[in-house]
Amino acid sequence: MTGAPHLVAVLALLASGTDPIEVVAEGAGFGSAEAMRRAFQQRLGLSPTHYRARFRTAAAGAAAQVDG
């Protein structure tokens, strides 16, 4: 299985960008998007797409609290 450093890179790329999952996987050094999805599911229990959606929802909520 791919190591934690790759997964840390993916978390940062998903949190800060809008690149497709395939581009994020390649940028983080995974052999394929499917390999990244499997590692994500095994380590975090959710898909990269779900992680991105949760992170953005949380970030949007935090920004609204700061603004409001």
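When reading the values below, keep in mind they use all heavy atoms of this one structure, side chains included, and skip hydrogens, waters and symmetry mates.
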Colleague: Looking at every heavy atom in both Q41 and L46, which two are closest together, and how far apart are they?
Modeller: OE1-C, 3.4 Å
Colleague: Just jot down the side-chain contact (heavy atoms from CB on, under 4.5 Å) partners of L13, sequence neighbours excluded, or say none.
Modeller: V24, A28
Colleague: Could you work out, with side-chain hydrogen bond (donor to acceptor under 3.5 Å, both in side chains) as the rule, every residue matching T49, not counting sequence neighbours?
Modeller: none
Colleague: Would you name the heavy atoms of R52 and G17 that are closest together and state the gap between them?
Modeller: NH2-O, 3.3 Å
Colleague: Which pair of heavy atoms, one from L7 and one from R43, lies closest together, and at what distance?
Modeller: CD2-CB, 3.4 Å
Colleague: Quick one: which residue pairs count as a salt bridge (charged side-chain N to carboxylate O under 4.0 Å, His left out) with a foot in residues 14-23, not counting sequence neighbours?
Modeller: E22-R37
Colleague: Going by the rule side-chain contact (heavy atoms from CB on, under 4.5 Å), which residues pair with A15 if we only count those two or more places apart in sequence or in a different chain?
Modeller: F55
Colleague: Test of understanding: clusters of I, L, V, M, F, W, Y form through side-chain heavy atoms closer than 4.5 Å, transitively. Do L14 and V23 belong to the same one?
Modeller: no
Colleague: Quick one: list whatever passes salt bridge (Lys or Arg N to Asp or Glu O under 4.0 Å) with E26, sequence neighbours left out.
Modeller: none
Colleague: State, to 0.1 Å, how close F30 and A39 come at their nearest heavy-atom pair, and which atoms those are.
Modeller: CE2-CB, 3.8 Å
